[in-house]
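Encoded as structure tokens, the structure appears first; notes follow it.
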Amino acid sequence: QVQLVESGGGLVQAGDSLRLSCAASGRAFSEYARGWFRQAPGKEREFVAAITWSASPTYASDPVKGRFTISRDYDKNTVYLHVNSLKPEDTAVYYCASKQFSGDYGDSRVYDYWGQGTQVTVSS
């Protein structure tokens, strides 16, 4: 079984930064890319960022471009989401997910494995 475990969320103030981690474990699996999504209360899950196995290129949604970056550590099989200049509207549960094939990085339906999420709350 493949497990994705997110960590690093918390309660912060506007303008603060966090580093969210997504660690993969379990049986060996084929992964082309890993992505981050978020879901705020009462809203649909939305794409945040994605990184391919080669770490280039990376993808980010318009609301987070310039503030969030994504990176990966091959030795730890971990993907990081560096979230900077946080705003109250960034408050959400952040999920990471893994997909086997290229393309459609912003479409949550094409991801094969999901973590349980980590809460990020930004106070004004």
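All values below were derived from every heavy atom in this structure, side-chain atoms included, with hydrogens, water molecules and symmetry-related copies excluded.
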Subject >> Evaluation steps, side-chain contact (heavy atoms from CB on, under 4.5 Å), between R38 and L81 >> reply: CA-CA 12 Å; R38 66 185 182 183; L81 184 68; over 6 Å; no
Subject >> Steps toward side-chain contact (heavy atoms from CB on, under 4.5 Å) verdict (V93, F37) >> reply: CA-CA 8 Å; V93 177; F37 290 78; over 6 Å; no
Subject >> Hydrophobic cluster membership, Y32 vs W114, 4.5 Å side-chain cutoff >> reply: yes
Original post:
Taking Y111 for the side chain and Y105 for the main chain, is one N or O donor matched with an acceptor at less than 3.5 Å?
Top reply: yes
Original post:
Can D112 and S98 be counted as having a side-chain donor-acceptor contact under 3.5 angstrom?
Top reply: no
Original post:
Shortest non-hydrogen contact from V79 to R72?
Top reply: CG2-CB, 3.8 Å
**OP:** Start with the C-alpha distance between V122 and D16, add both sets of side-chain angles, then the distance that settles side-chain contact (heavy atoms from CB on, under 4.5 Å), and finish with yes or no.
**Re:** CA-CA 8 Å; V122 185; D16 285 350; over 6 Å; no
Original post:
With a cut-off of 6.0 Å (strictly less than), are more than 12 heavy atoms of other residues, nucleotides or ligands near CD of Q116?
Top reply: no
**OP:** Check whether NZ of the Lys or CZ of the Arg R19 lies under 6.0 Å from the centre of the six-membered ring of Y80 and within 45 degrees of that ring's axis.
**Re:** yes
Original post:
If you take all heavy atoms of T58 and I51, which pair is closest and at what distance?
Top reply: CG2-CG1, 3.7 Å
Original post:
How many angstroms lie between OH in Y95 and SG in C22, if you round to the nearest 0.5 Å?
Top reply: 13.0 Å
**OP:** Evaluate the side-chain contact (heavy atoms from CB on, under 4.5 Å) criterion for residues Q100 and V110: first the C-alpha distance (whole Å), next the side-chain angles of each, then the deciding distance (0.1 Å), finally the verdict.
**Re:** CA-CA 9 Å; Q100 298 184 60; V110 302; over 6 Å; no
Subject >> Sidechain-backbone polar pair: E6 side chain, T118 backbone, donor-acceptor under 3.5 Å >> reply: no
Subject >> Which residues share a side chain to side chain contact (heavy atoms under 4.5 Å, CB included) with A24, sequence neighbours left out >> reply: L4, F29, R34, N77
Subject >> Side-chain donor/acceptor of D73 to backbone N/O of K76, under 3.5 Å >> reply: yes
Subject >> Salt bridge present between R67 and D90 (N-O < 4.0 angstrom) >> reply: yes
**OP:** Any chance you could measure S21, atom OG, to H82, atom NE2, to the nearest 0.5 Å?
**Re:** 8.0 Å
Subject >> Pairwise distance CG(L18) to CG(N84) - rounded to 0.5 angstrom >> reply: 9.0 Å
Original post:
From K87 NZ over to S124 OG, what is the distance, rounded to the nearest 0.5 angstrom?
Top reply: 13.5 Å
**OP:** Run the ring-centre check on F47 versus Y59 and record whether the distance is less than 6.0 Å.
**Re:** no
Original post:
Could you state the interatomic distance from CG (L20) to CH2 (W36), rounded to the nearest 0.5 Å?
Top reply: 5.0 Å
Original post:
Under a single-linkage definition using a 4.5 Å side-chain heavy-atom cutoff for Ile, Leu, Val, Met, Phe, Trp and Tyr, are V120 and F68 assigned to the same hydrophobic cluster?
Top reply: yes
Subject >> T52 side, atom OG1; E31 side, atom CD - distance, nearest 0.5 Å >> reply: 10.0 Å
**OP:** Write down the atom of S17, the atom of S85, and the distance for their closest heavy-atom approach.
**Re:** OG-N, 4.1 Å
